[in-house]
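As structure tokens, the structure follows; a few thoughts come after it.
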Amino acid sequence: MSKSLDTSTTEAAQTVTEVIDTIAATTPDVRRAVADYRGQSNSVNPTGDDQLAADLRADELFEQQVLGIDGVASYASEERAAVKTTDGRLHIAMDPLDGSSNLEPNSGMGTIFGIYSEQPPTVGTNLLAAGFVIYGPITSMVVARDGNVREYILEDGDKRVVDDEVTVPEDPTVFGFGGGVDSWTDEFESYAEEVRHELKLRYGGAMVADINQVLTYGGIFSYPALESRPEGKLRVQFEGHPMAYILESAGGRSSDGDQSLLEIEPDGLHERTPLYLGNDDLIDRLEANID
Ligand code: AHG
Ligand code: MN
Ligand code: MN
Ligand code: MN
């Protein structure tokens, strides 16, 4: 279970609520941007991803809205090199559009956010709250704060709670592993071989949707260490920490192969990590399998 930092000071709690509501209120514009900005932008982000015009537009929308909140002191994004700062006290890190390679085939995409007490790059235990949005058939939002996880449906940017205590189901049924068999390390391949006989493969290429499968059905999502890239693909600050906070708040576990992802203190803002998230017994077996 993640150590949820005390947001009992009304000021911090109010700012956390305002950030969550502002992100929700921005989603209709992001949904429109996803439809209108389908082209490439001829630029790459700090981790070398090609940036779609929709990546940049979503980033712009969230920066404007989130930095306009009184209690917010900084905005960090996987789409930009530097953190933008202003006066305030809480720090926001966002993956403005997650799974943007799914834009072309119109598959699942979303937004991931973390609300930190310290400016990124910072350790995951400084998270006060975290969440994600899915722009699916329904626009939905999952939010973890104060040790609890809630799911909302968003209509015109307003939140309507549909589950006020999301927990990872005891009996896991799905797995989704990124990277592709021929690039996995031998240990991971042997773990995957074991798991695939017990679970059903559900992998959609967008972390938000694949993590939501694990929250819905129980199981494990991983973008593991690869032979060619021991640090894996996904980013600590913008994908690893927030999703770890959510999974651990929902009774699951996270790991980089050794420890909770929340224990990672990234040196750089855009550091990557292998990541494993899901039911605790599946993560325990994984850690026993791979050194
Ligand atoms: P983003 O679109 O924010 O760059 O994230 C994409 C990530 C993540 O959402 C997903 O789990 C993973 O990339 C998929 O990678 P592959 O395309 O290699 O499967
Ligand atoms: Mn990207
Ligand atoms: Mn992403
Ligand atoms: Mn992204």
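Whatever order the structure lists ligands and atoms in, that order sets their numbers, starting from 1.
- For W184 against E227, the heavy-atom pair with the smallest separation is O-CG, 3.5 Å.
- Heavy-atom proximity to D98, at under 4.0 Å, picks out these atoms of ligand 1: 1 (P), 2 (O), 3 (O), 5 (O), 6 (C), 8 (C), 9 (O).
- A donor-acceptor contact closer than 3.5 angstrom is absent between the side chains of Q51 and S41.
- For M243, the closest heavy-atom approach to ligand 1 does not fall below 4.0 Å.
- Under the 3.5 Å distance criterion, the side-chain polar atoms of R272 are matched with a main-chain donor or acceptor of K233.
- At least one N, O or S atom of L97 sits under 2.8 Å from the Mn ion (ligand 4).
- The distance from ligand 1 to the heavy atoms of E78 drops below 4.0 Å at these ligand atoms: 1 (P), 3 (O), 4 (O).
- With 3.5 Å as the limit, one finds a donor-acceptor pair spanning the side chains of Q237 and Y116.
- Ring-centre distance between F113 and F62: not below the 6.0 Å cut-off.
- The nearest pair of heavy atoms linking E187 to N289 is CB-O, 3.7 Å.
- Annotation: the span from H270 atom NE2 to E78 atom CD amounts to 8.5 Å, rounded to 0.5 Å.
- A donor-acceptor contact under 3.5 angstrom links the side chains of S254 and E248, judged on distance only.
- Each of the atoms 14 (C), 15 (O), 16 (P), 19 (O) of ligand 1 lies under 4.0 Å from some heavy atom of Y203.
- At a 3.5 angstrom cut-off on N or O pairs, G179 does not count as close to ligand 1.
- The shortest contact between atom 18 (O) of ligand 1 and any protein heavy atom is with Y223 OH, 2.7 Å.
- Residues T139 and R31 have side chains that bring a donor and an acceptor to within less than 3.5 angstrom of each other.
- Residue-ligand proximity, D95 to ligand 1, at heavy-atom distances under 4.0 Å covers atoms 3 (O).
- Side-chain atoms of S255 and E287 include a donor-acceptor pair closer than 3.5 Å.
- Ligand 1 lies within reach of E239, whose nearest heavy atom is under 4.0 Å from it.
- Taking every heavy atom of both residues into account, G219 and V214 meet most closely at O-CG1, 3.6 Å.
- D256 and T273 share no donor-acceptor pair across their side chains, judged by distance under 3.5 Å alone.
- For F221 against Y203, the heavy-atom pair with the smallest separation is CE1-CE1, 3.9 Å.
- Nearest N/O/S atom of D98 relative to the Mn ion (ligand 3): this is OD1.
- Residue contact annotation: S100 has a non-hydrogen atom under 4.0 Å from ligand 1.
- Within the 4.0 Å heavy-atom cutoff, T47 does not count among the residues contacting ligand 1.
- Among heteroatoms of the N, O or S kind in D95, OD1 lies nearest the Mn ion (ligand 4).
- For atom 17 (O) of ligand 1, the closest heavy atom belonging to the protein is K233 NZ, 3.7 Å.
- In E239, the N, O or S atom that comes nearest to the Mn ion (ligand 3) is OE2.
- Listed by number with element, the atoms of ligand 1 under 4.0 angstrom from any heavy atom of F221 are 11 (O).
- At a heavy-atom cutoff of 4.0 Å, ligand 1 is contacted by no atom of D55, backbone or side chain.
- At a cut-off of 3.5 Å, with distance as the only test, no side-chain donor of Q119 or T85 sits close to an acceptor on the other residue.
- Note on E78: its N/O/S atom closest to the Mn ion (ligand 4) is OE2.
- Interface of L97 with ligand 1, defined as ligand atoms under 4.0 Å from a residue heavy atom, comprises 2 (O), 3 (O).
- No side-chain donor from either of D158 and Y152 sits under 3.5 Å from a side-chain acceptor of the other.
- Remark: ligand 1 and R235 share an N or O pair separated by less than 3.5 Å (distance only, no angle test).
- For M207, a nitrogen or oxygen atom sits less than 3.5 Å from a nitrogen or oxygen atom of ligand 1, counting backbone and side chain alike.
- Side-chain N/O atoms of T173 and R202 include no donor and acceptor closer than 3.5 Å.
- If you look at D49 next to ligand 1, the close heavy atoms, those under 4.0 Å, all belong to the side chain.
- Distances shorter than 4.0 angstrom do not occur between any heavy atom of D210 and any atom of ligand 1.
- Not one N, O or S atom of E79 sits under 2.8 Å from the Mn ion (ligand 4).
- Close to ligand 1: L234, with a non-hydrogen atom less than 4.0 angstrom away.
- Residue-level proximity to ligand 1 for F238 is absent, since no heavy atom of it falls below 4.0 angstrom.
- Scanning all protein heavy atoms for the shortest distance to atom 1 (P) of ligand 1 gives G99 N, 3.5 Å.
- Of the polar atoms of A206, none of the N or O atoms is found under 3.5 Å from an N or O of ligand 1, judged by distance alone.
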